[in-house]
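Residue numbers run from 1 in the order of the sequence given. Scope of the values below: all heavy atoms of this structure, side chains included, with no hydrogens, waters or symmetry mates. Just so it is clear, the structure is predicted and the values come from calculations on it, not from any experiment.
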Amino acid sequence: MSKPETTALAAQQAGEATLDRISWIKLSSVTLPLATPISDAKVFTGRQKPMTEVAFLFVELATEGGHQGIGFSYSKRAGGPGQFAHAKEIAPTLLGEDPSDIAKLWTKLVWAGASVGRSGLSTQAVAAFDIALWDLKAKRAGLPLAKLLGAHRDSVRCYNTSGGFLHTPTEQLLENASASLASGIGGIKIKVGHPDGKVDLGRVTAVREHLGDEVPLMVDANQQWDRPTAQRMGRALEEFGLIWIEEPLDAYDARGHAALAASLDTPVATGEMLASVAEHWELIRNEAADIIQPDAPRIGGITQFLKLAALAEHQHLQLAPHFAMEIHLHLAAAYPYEPWVEHFDWLEPLFNERLHISDGRMHVSSRPGLGITLSEQARAWTQAECELGSRP
């Protein structure tokens, strides 16, 4: 069936409740270069090379009624072209559909690419469409996304990660931490997982002594410890009063995380690398994390994030979404228990707007939807693009 025929069929099937229809879709593959190659524990253990760029899939939607939405997904080190290719194949599915039917459209997009599964690259491509649909819905309502979802708060505690990578010398680590706090950020996370545990302990000691006992401090091992090492390091880190130890074990080792969480006073956080609600459910049902760290672009978008948030709330888990603060600020603001949002300034060149941070918190703006628009720089970094339908 041709694209015009698909649009016509969707229009014929629409009922009285259909207020609008999707008439135009634009996909963009954008590569964001990083100013400095980034190394965490995965690099120090030889499993990955330093990260030099981040690939983004942007989806822009418009309707016959003139409403617009934008969403994105991303990939680090590999997978960006694959996300774009999959999105290009499934995008025609949305033409002629009512953008309000977000849950229905998520399922339709997943089934359009069902042969490659319901997690990983395929649902990460779906996520960009789903997020754009939520952005459009909130804009049409004239509300920030957090308010559309039902916010519990207008600001969220935030912590910085980008200044604490393993490639950063200790003295620079301390300077970065001070600069983050001076900018209004409330907590500091540093990377651990060095092959020599003494190096980790030395860096954590230096940061804690520099910041004092009152500043919230987190560490992240990026899955690079085995179970015995995680136990030893976890016990050694107890004295620092950490907010959490992140990804101490392989992301799929639910039983190992559960045993570790039960044995330590320091909370265990994990989940960012998982790519579906089903995978997170394994963590939740095994009581494998005190703090769940979903990533909306990785698990299929906002529709899936809300399902996961309901499961996490039922288990009284804390929430600390991973990366993509432009999206996760809104989702965290709508979570019942006081969450944390991760601050990365990496994405700022992609957007015309900036998030307001003060007094340790990231604030929801009055801008409708996600409150972001693509910058000219993002357009300049575009590697490939595709348009379907016609602009209203």
Side-chain angles (χ1 to χ4, degrees), residues 134 138 143-162 164 177 180-181 183-190 208 211-220 237-238 240-247 257 261 264-272 274 277 280-281 283-284 287-296 298-299 302 304-344 355-366 370-371:
W134 279 102
L143 295 171
L145 178 61
K147 294 294 187 179
L148 180 75
L149 296 175
H152 285 268
R153 58 196 65 81
D154 291 338
S155 66
V156 179
R157 293 180 298 182
C158 64
Y159 68 96
N160 180 263
T161 294
S162 52
S180 292
L181 296 177
S183 72
I185 291 170
I188 301 297
K189 187 174 79 178
I190 68 169
R208 176 50 88 200
L211 298 179
D213 294 336
E214 301 305 314
V215 173
L217 179 62
M218 307 85 161
V219 300
D220 181 0
L237 290 165
E238 294 276 30
F240 297 103
L242 301 175
I243 300 298
W244 69 67
I245 297 174
E246 184 171 331
E247 286 197 315
H257 275 101
L264 298 177
D265 291 334
T266 306
V268 169
T270 192
E272 69 177 62
L274 302 184
V277 173
H280 279 83
W281 174 240
L283 292 181
I284 294 172
E287 299 182 352
D290 303 291
I291 301 162
I292 201 83
Q293 297 185 297
D295 184 319
R298 282 182 174 165
I299 66 172
I302 292 169
Q304 298 304 99
F305 190 101
L306 295 175
K307 293 179 181 180
L308 177 54
L311 294 172
E313 178 192 350
H314 184 67
Q315 293 299 108
H316 304 282
L317 296 179
Q318 294 185 57
L319 180 75
H322 168 256
F323 203 59
M325 62 186 184
E326 292 80 5
I327 298 168
H328 291 135
L329 167 61
H330 295 272
L331 303 181
Y335 191 67
Y337 307 125
E338 180 73 38
W340 285 91
V341 169
E342 187 170 30
H343 177 270
F344 270 92
L355 296 177
H356 174 60
I357 297 171
S358 63
D359 301 321
R361 304 182 71 86
M362 190 178 294
H363 299 262
V364 177
S365 79
S366 61
L370 293 173

Under the side chain to side chain contact (heavy atoms under 4.5 Å, CB included) test, which residues partner [X], sequence neighbours left out?
{"X": "S183", "result": "I185"}
{"X": "A151", "result": "A146, K147"}
{"X": "T266", "result": "E238, L242, I245"}
{"X": "A177", "result": "I188, L211"}

Does the side chain of [X] reach to within under 4.5 Å of the side chain of [Y], using non-hydrogen atoms?
{"X": "L370", "Y": "H330", "answer": "yes"}
{"X": "L308", "Y": "I284", "answer": "yes"}
{"X": "W134", "Y": "L331", "answer": "no"}
{"X": "N160", "Y": "S162", "answer": "yes"}
{"X": "C158", "Y": "I357", "answer": "yes"}
{"X": "L319", "Y": "F305", "answer": "yes"}

Derivation of the side-chain contact (heavy atoms from CB on, under 4.5 Å) call for V219 and L237 = CA-CA 9 Å; V219 300; L237 290 165; 4.2 Å; yes

Mind checking what makes ring pair (Phe, Tyr, Trp, His ring centres under 6.0 Å) contact with [X], not counting sequence neighbours?
{"X": "H152", "result": "none"}
{"X": "Y337", "result": "H316, Y335"}
{"X": "H280", "result": "none"}
{"X": "H314", "result": "none"}

Any idea which heavy atoms bring [X] and [Y] closest together, and the distance?
{"X": "P339", "Y": "A332", "value": "CG-O, 3.3 Å"}
{"X": "P216", "Y": "I243", "value": "CB-CG1, 3.7 Å"}
{"X": "S358", "Y": "H363", "value": "OG-NE2, 3.0 Å"}
{"X": "A289", "Y": "L317", "value": "O-CD2, 3.3 Å"}
{"X": "L145", "Y": "A138", "value": "CA-CB, 3.9 Å"}
{"X": "V364", "Y": "P144", "value": "CG1-CB, 4.0 Å"}

Mind checking the [atom1]-[atom2] spacing from [X] to [Y]? Nearest 0.5 Å is all I need.
{"X": "L143", "Y": "S366", "atom1": "CG", "atom2": "OG", "result": "11.0 Å"}
{"X": "L283", "Y": "I291", "atom1": "CG", "atom2": "CD1", "result": "13.0 Å"}
{"X": "L311", "Y": "I292", "atom1": "CG", "atom2": "CD1", "result": "9.5 Å"}
{"X": "L217", "Y": "R208", "atom1": "CG", "atom2": "CZ", "result": "4.5 Å"}

If only atom types and distance count, is the side chain of H328 paired as donor or acceptor with the main-chain N or O of A296 below 3.5 Å?
-> yes

Under 3.5 Å: donor-acceptor pair, side chain of E342, backbone of F323 =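 Such a contact is found between E342 side chain and F323 backbone.
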
Any idea how Y159 and W340 line up, ring-wise: parallel (<30°), tilted (30 to 60°), or perpendicular (>60°)?
-> perpendicular

Listed partners of [X] passing side-chain hydrogen bond (donor to acceptor under 3.5 Å, both in side chains), at least two apart:
{"X": "E246", "result": "K189, W244, Q293"}
{"X": "Q315", "result": "none"}
{"X": "H322", "result": "Y74, E272, D295"}

Salt bridge (charged side-chain N to carboxylate O under 4.0 Å, His left out) contacts touching residues 312-340 (sequence neighbours left out) |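 The answer is R153-E338, R157-E338, E338-R361.
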
Trace of the side-chain contact (heavy atoms from CB on, under 4.5 Å) decision for I299 with L274 | CA-CA 7 Å; I299 66 172; L274 302 184; 5.5 Å; no

